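What follows is a set of notes on a single structure, which appears directly below.
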Amino acid sequence: MPKEPYVVAHVAVALDGATTGFAPDAARYYELAATWNEDVTLTGADTILAQEPALASAPRPGSADGGPLLAVVDGRGRVTEWEALREAGHWSDVLALHARDTPPRRAGRTVPELVTGRERVDLSAVLRALGERHGARVVRVDSGGALLGALLEASLLDEVSLLVHPCLPSGTGNRHWRGSATTPARFDLVGSRTLADGLVWSRYRPAAGR
Ligand SMILES: NC(=O)c1ccc[n+]([C@@H]2O[C@H](COP(=O)([O-])OP(=O)(O)OC[C@H]3O[C@@H](n4cnc5c(N)ncnc54)[C@H](OP(=O)(O)O)[C@@H]3O)[C@@H](O)[C@H]2O)c1
């Protein structure tokens with residue numbers, strides 16, 4: 001019987017918890033991300049859409065043998081650069097995560113898809129299927145606040161890893177973790193390190209009986 005995967009969200013944040021509006025230390029972020037050696041990288045459509053202009057002209061070394069699977073929550077069918085993602089050299093393959101109400105996909109599209117939920121992708125069902133059908137033991141979430149908030153609200157995260165940057169973000173707008181949980185949740189600190197350039201890496205797990 002396959003176990004549900006361990007799900008960790010590793011996120012670069014500013015002092016106010018924002019995930020955008022500042023320049024994260026990408027080298028350090030990805031160095032630390034290697035800690036979990038994930039089977040699946042789980043991300044959201046808006047994170048991919050933010051990269052699509054760059055992706056369209058980026059080198060395409062091909063899929064990475066032995067690399068993780070990239071699974072993208074795309075409930076509204078907005079992502080288009082599936083081939084570029086597959087060939088970006090980071091992932092062994094890509095998987096489109098849709099809902100039953102996701103608009104019809106382009107004819108001839110080759111990306112494999114998993115359909116769960118009606119109006120939105122059912123994140124819990126996705127994680128179960130990643131374990132059962134794809135043998136995932138570890139899923140690392142690489143996303144901004146919307147997907148993080150939804151996963152936290154549904155108590156689907158086993159760990160939250162914060163790379164805190166000593167800055168405040170620029171600009172305006174709601175960049176924070178967005179869920180609509182009605183009760184506060186508690187977490188236990190399971191590790192913390194001070195790194196160069198004022199960065200702090202802190203890891204938390206949901207507190208028992210929170
Ligand atoms: N600081 C970091 O570590 C970090 C990491 C990654 C990305 N980012 C940045 O974050 C920004 C994007 O963040 P974002 O928060 O706007 O987008 P996001 O993380 O990509 O999350 C949006 C995705 O979550 C899905 N979603 C949200 N709530 C859901 C729910 N309740 N059920 C099912 N699916 C749900 C949305 O579904 P639909 O498809 O249905 O809309 C959408 O696909 C980008 O600028 C990116 O560069 C920062």
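In this chain, residues are counted from 1 in sequence order. For clarity, every value in this text was computed on a predicted model and none was experimentally measured. Note that ligands are numbered from 1 as they come in the structure, with each ligand's atoms numbered from 1 the same way.
Taking all heavy atoms of Thr19, Thr20, Ile48 into account, the minimum distance to atom 11 (C) of ligand 1 is reached by Thr20. Distances from atom 4 (C) of ligand 1 to the heavy atoms of Ser143, Gly75, Ala12 show the closest one on Ser143. Considering only non-hydrogen atoms, atom 8 (N) of ligand 1 lies nearest to Gly144 out of Ala33, Gly144, Ala18, Ala146.
Ring geometry, His10 versus Trp36: the interplanar angle falls from 30° to 60°, so the pair is classed tilted.
Here is the list of ligand 1 atoms found below 4.0 Å of a heavy atom in Val121: 32 (N), 33 (C). Each of the atoms 28 (N), 29 (C), 30 (C), 31 (N) of ligand 1 lies under 4.0 Å from some heavy atom of Ala150.
Between Gly145 and ligand 1, at least one N/O pair is under 3.5 Å apart. At under 3.5 Å, not a single nitrogen or oxygen of Val13, backbone or side chain, sits near a nitrogen or oxygen of ligand 1. For ligand 1, one of its N or O atoms has an N or O atom of Val73 under 3.5 Å away. Checking only distances, Arg76 does come within under 3.5 Å of ligand 1, N or O to N or O. Note: an N/O pair closer than 3.5 Å links Arg78 and ligand 1 by distance alone.
Neither the backbone nor the side chain of Gln51 comes within contact range of ligand 1; no heavy atom lies under 4.0 Å. Proximity of Asp46 to ligand 1, defined as any heavy-atom pair under 4.0 Å, is shared by backbone and side chain alike. Using a 4.0 Å cut-off between heavy atoms, Arg120 contacts ligand 1 through its side chain alone, with no backbone atom that close.
Taking the side chain as every heavy atom from C-beta outward, Thr116 and Leu97 never approach each other to under 4.5 Å. Looking only at side-chain heavy atoms (C-beta outward), Leu95 and Val40 stay at 4.5 Å or farther from each other.
Between Asp158 and Arg205 no salt bridge is recorded (no basic side-chain N to carboxylate O distance below 4.0 Å). For Arg140 and Asp142, the salt-bridge test passes: some basic side-chain N is under 4.0 Å from an acidic carboxylate O.
Residues Val79 and Val72 approach most closely at CG2-CG1, 4.2 Å, considering heavy atoms.
If you chain together hydrophobic residues whose side chains sit under 4.5 Å apart, Tyr6 and Tyr204 never meet in one group. In the hydrophobic clustering of this structure, Val160 groups with Val139; members are Ile, Leu, Val, Met, Phe, Trp, Tyr whose side-chain heavy atoms approach within less than 4.5 Å, directly or through other members.
Protein heavy atom at the shortest distance from atom 47 (O) of ligand 1 is Ala50 CB, 4.1 Å.
To the nearest 0.5 Å, atom CG of residue Leu148 and atom CD of residue Glu153 are 12.5 Å apart.
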